[in-house]
4 protein chains.
Amino acid sequence: MTAAAPAPRGRAASRGRIDKRQAILDAAFTVFANRGYAGACMEEIAEVAGVAKHTVYNHLGDKESLFHAAMEAAGSAVMAENLALAEQLTVDQSAVASTAGGQADPVRTRLEDVGRLLLHQCCDPRSWALRRLLHAEITRFPDLLEAVWGRGADRLRQTLADRMARLSLAGLLRPCDPVEAAEQFLALLTGPMEARSQLGTRPVPDAERELVAHAAVSTFLRAYRDAAPGASPSPSSLPATA
Amino acid sequence: MTAAAPAPRGRAASRGRIDKRQAILDAAFTVFANRGYAGACMEEIAEVAGVAKHTVYNHLGDKESLFHAAMEAAGSAVMAENLALAEQLTVDQSAVASTAGGQADPVRTRLEDVGRLLLHQCCDPRSWALRRLLHAEITRFPDLLEAVWGRGADRLRQTLADRMARLSLAGLLRPCDPVEAAEQFLALLTGPMEARSQLGTRPVPDAERELVAHAAVSTFLRAYRDAAPGASPSPSSLPATA
Amino acid sequence: MTAAAPAPRGRAASRGRIDKRQAILDAAFTVFANRGYAGACMEEIAEVAGVAKHTVYNHLGDKESLFHAAMEAAGSAVMAENLALAEQLTVDQSAVASTAGGQADPVRTRLEDVGRLLLHQCCDPRSWALRRLLHAEITRFPDLLEAVWGRGADRLRQTLADRMARLSLAGLLRPCDPVEAAEQFLALLTGPMEARSQLGTRPVPDAERELVAHAAVSTFLRAYRDAAPGASPSPSSLPATA
Amino acid sequence: MTAAAPAPRGRAASRGRIDKRQAILDAAFTVFANRGYAGACMEEIAEVAGVAKHTVYNHLGDKESLFHAAMEAAGSAVMAENLALAEQLTVDQSAVASTAGGQADPVRTRLEDVGRLLLHQCCDPRSWALRRLLHAEITRFPDLLEAVWGRGADRLRQTLADRMARLSLAGLLRPCDPVEAAEQFLALLTGPMEARSQLGTRPVPDAERELVAHAAVSTFLRAYRDAAPGASPSPSSLPATA
DNA sequence: TATGAATGAGGGTTCATTCAT
DNA sequence: TATGAATGAACCCTCATTCAT
């Protein structure tokens, strides 16, 4: 204090800055999630972050900028986890061969694993909070969609579609529009959770989540692998989002 | 009406009250939808409703009560429409018989009709606004769920499940858990719309909506009717929500 | 209702009016006492009185008029009781004669009786409420003093002074300024109650009130009857209030 | 002040805060005294204090807290002055001795001095405003009594009682209950002022106040010193408040 | 006369933002 | 850069009063 080592500079200083910035972003997301955008107040955010009110302004500008930054940060984190999961949807060819004719069903197993994990992510409180905030503020901040989910409306669906295409090519799924398959796979997984978790308000037990994942995969496989070949040809091979 | 009485009295007076109350509720829902709960201000609601600020308080109490009432009113309207639709999911036995062996597929036709209409309802701006507000405020007003969707978690799913059960019983669908079938039918229908309409922000063209409905029904029928009988038996025949 | 005896008129009707007016005045005083002038609201007064809000306006005009009327009514009632008591302060000459030389002390007895009763009145909740409201609003409504205590600042003191003069003339008290005597008698009685009842907030037990009355009379008699004649002559024979 | 430093720092800064806080408290008391609690508005207080409205909230919280703080501050000031005065009620023994047999009456002189000064304090506009506010709000804020008069119901009476006890012990007053003596001394002094000053509304001329003080002391001395020893023994030698 | 609906004004409180240190 | 004080605008709500029946 008195003798004053001139306060750590260089790396340490900017590390301090970075940490403080991150602390503010985390605090902001928490508070926004609890109170909503309009209901949140900068003072509480500063308090939760452990800094002075004006420091928030110094680091991240006004309330709107702060909101965008916090949402973007949270979105990146959530999306990164989801993408990492989607990329795991691969089936080892050798595994398929070795179990031919047997009871094991490596495609189903893989789909269920990935489905279970995706559902786990989607039911994460932070993930729900993000989606709720998105719903809440999308009309006032339409840019939020891109900011949160990254450029390209939905990378998750595209990534999943890539995997579906490869499964289809490998003969593990019937020929199909991979984007549609990805879209419906996600719908079968996450659709039922909205009501079951009461919009993320109710913690859903693991068992229930696994039940949903299992049912989703079963229906998906019936439709995309086991269905009688000639039945109900789907003419929709157009790009999904137009 | 016809005789043109010189300003209606008695009943008409209370009719005036009712009209005013309804005008306030409508205005409130509009403003809440535009600004969010915290962002909405009573003055604007009164303005839009064409009454004085205090009149809002006289009729519907404070902001929170008004919000609940407006949400409940909107929810009842939306839910009533949805239920009416779901109840249309019936297949005339004679129609099935008369087309046996032919090309027509009455079950598919009916499902697509209902699906298209449900999707139409779900993409209605008011319906989206309601869901967005629900997402936005569910953490602060957990009672909203029941208030909006009526008592019983989700009557729509149950009503749909009733119809599924009858279809299954009639041999038009394979034996299955009707609740799960309803749940997945809804998921296949509405799930894809979230991303496609950008959380209700983007108006979805009719053609695209019909494409989604068609794809949903195709996948649903493959899984719940056409699938090879022995394939992938789903052990989950329990009621879905426990 | 239907056949309509044409509603009672004449005496009965105006009786109804009077009753309603009195009910409003009573309700007003109660509410003003509970909430203060500014804190009271017309609606609550109307509610307590059991009439519609506007009826209050019809009968007693706006808030300020109502306040004055309610205070005046309460003041008249309280003052009437006090005056009736003060007038009881007489000593029967024969009683004095008959007990001469004995133990009984009719003057003391009479003073204590009157004192006890005055104190009882002063500690009445309504009396305290009146005084508190007077203190509260005197700066904003200086006319209240006269309105409440009747014309002539303090008839109580004057009435008491009359009695004191007669006692003094009868030789039952030493020669003195009767107004000063009355003033000090009242001060000795009521002064101690302010602190003891916590400004009328605490109910004072009967025993404590009697103690105060007894002490007041004792001190009063020592000073105005028993004191050594030559001691401490009081030169103040001027009119008290100037 | 003299050296004219270019705007004082450090201590001066917090001094500025203190000054501002005090300015707000003073302004608040003034406005509350003028308008009453409910009638006062924060805006006027801020205006009178010369600060922005929100600054009032920063320093002293909401209206109720501000009211308590302002009342407590005013109460402390008034009570401190009163106590200082009461403590002056001592009689120098030598003075008594030296004037024995003469005309001078040091006890009376001292009592009149103290009485005159106490009366002066009690008639101070601030003192009246404080008492009026206390009367006005005691039912809604019962804690105010202790907050204003400090802990211990009434330190003034106790302090005065201490002095009375010493005078009695010194033989300058007859044996008596000192608390009762103090209570009655105060009653004789202040009781008459209520009516005479019209609850503090009318400025009482010095001469009139001195008259009251003189009369009070005369009556007090007659009762507590000059009265015939055997006359009217007061049995109440218990502590007054129990 | 009595009522219930309606109004416009005003007050307490909160908040995002800026200033001075 | 970080802070704490200060600000002015805005919002929810209450209230005294009037209008139409």
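Chain naming here is simple, since letters A, B, ... match the order of the sequence lines and numbering starts at 1 in each.
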5′-ward residue of the pair A:Gly50/B:Tyr37 relative to DNA chain F: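 This one resolves to A:Gly50.
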
So for atom CZ, which belongs to B:Arg126, do other residues, nucleotides or ligands contribute more than 12 heavy atoms lying within a distance under 6.0 Å?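 Yes, enclosed.
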
Are A:Ile24 and A:Leu66 close enough, and set up right, to give a side chain to side chain contact (heavy atoms under 4.5 Å, CB included), and what steps lead you there? CA-CA 9 Å; A:Ile24 293 173; A:Leu66 173 58; 4.1 Å; yes

Output the rounded distance in Å from CE (B:Met42) to C1' (E:dA9).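 That distance rounds to 17 Å.
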
In whole angstroms, how far is the C1' atom of E:dA20 from the NZ atom of D:Lys20?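 Going from NZ in D:Lys20 over to C1' in E:dA20 covers 12 Å.
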
For a side chain to side chain contact (heavy atoms under 4.5 Å, CB included) check, start with the C-alpha distance between A:Lys63 and A:Tyr57, then their side-chain angles and the critical distance, and finish with the verdict. CA-CA 8 Å; A:Lys63 195 184 187 182; A:Tyr57 284 88; 5.7 Å; no

Is there any protein nitrogen or oxygen under 3.5 Å from a nitrogen or oxygen in nucleotides 8-10 of chain F, and what are the pairs?
none

Gap between atom CD of D:Glu146 and atom CD of D:Glu72 - 0.5 Å precision: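 So the CD of D:Glu72 and the CD of D:Glu146 are separated by 10.5 Å.
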
Could you summarise the pairing of DNA chain F as dot-bracket text, marking Watson-Crick and G-U pairs under 3.5 Å with ( ) or [ ] inside the strand and | across strands? .||||||||||||||||||||

Among the nucleotides E:dA2, F:dA6, F:dA2, which one has an atom lying closest to any side-chain atom of C:His59?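 Closest nucleotide among those given: E:dA2.
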
Would you please say whether a donor-acceptor pair under 3.5 Å links the side chains of A:Thr55 and A:Asn58?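 There is no such pair between these side chains.
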
Need to verify one output field. Residue with the more 5' nearest nucleotide on DNA chain E, D:Glu43 or C:Val51?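 Its nearest nucleotide lies further toward 5', so the answer is C:Val51.
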
Considering just the side-chain nitrogens and oxygens of B:Thr55, establish if one lies under 4.0 Å of OP1 or OP2 belonging to E:dA5.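 So the side chain of B:Thr55 is outside the cut-off, no N or O lying under 4.0 Å from OP1 or OP2 of E:dA5.
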
Would you jot down, in residue-number order, the residues of residues 61-69 of chain C having a non-hydrogen atom under 4.0 Å from DNA chain E?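 None - not one residue of the stretch has a heavy atom sitting under 4.0 Å from the strand.
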
How about A:Glu137 and A:Phe67: do any of their side-chain heavy atoms sit closer than 4.5 Å?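 Heavy-atom side-chain distance check passes, below 4.5 Å.
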
Which is it for D:Arg35 and D:Glu44 under the side chain to side chain contact (heavy atoms under 4.5 Å, CB included) test, yes or no, and what are the steps along the way? CA-CA 10 Å; D:Arg35 312 260 190 222; D:Glu44 187 180 0; 2.8 Å; yes

Applying a 4.0 Å non-hydrogen cut-off, can you work out what C:Ala40 is touching in the nucleic acid: base, sugar-phosphate, or nothing?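 Since only primed, P, OP1 and OP2 atoms lie under 4.0 Å of C:Ala40, the category is sugar-phosphate.
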
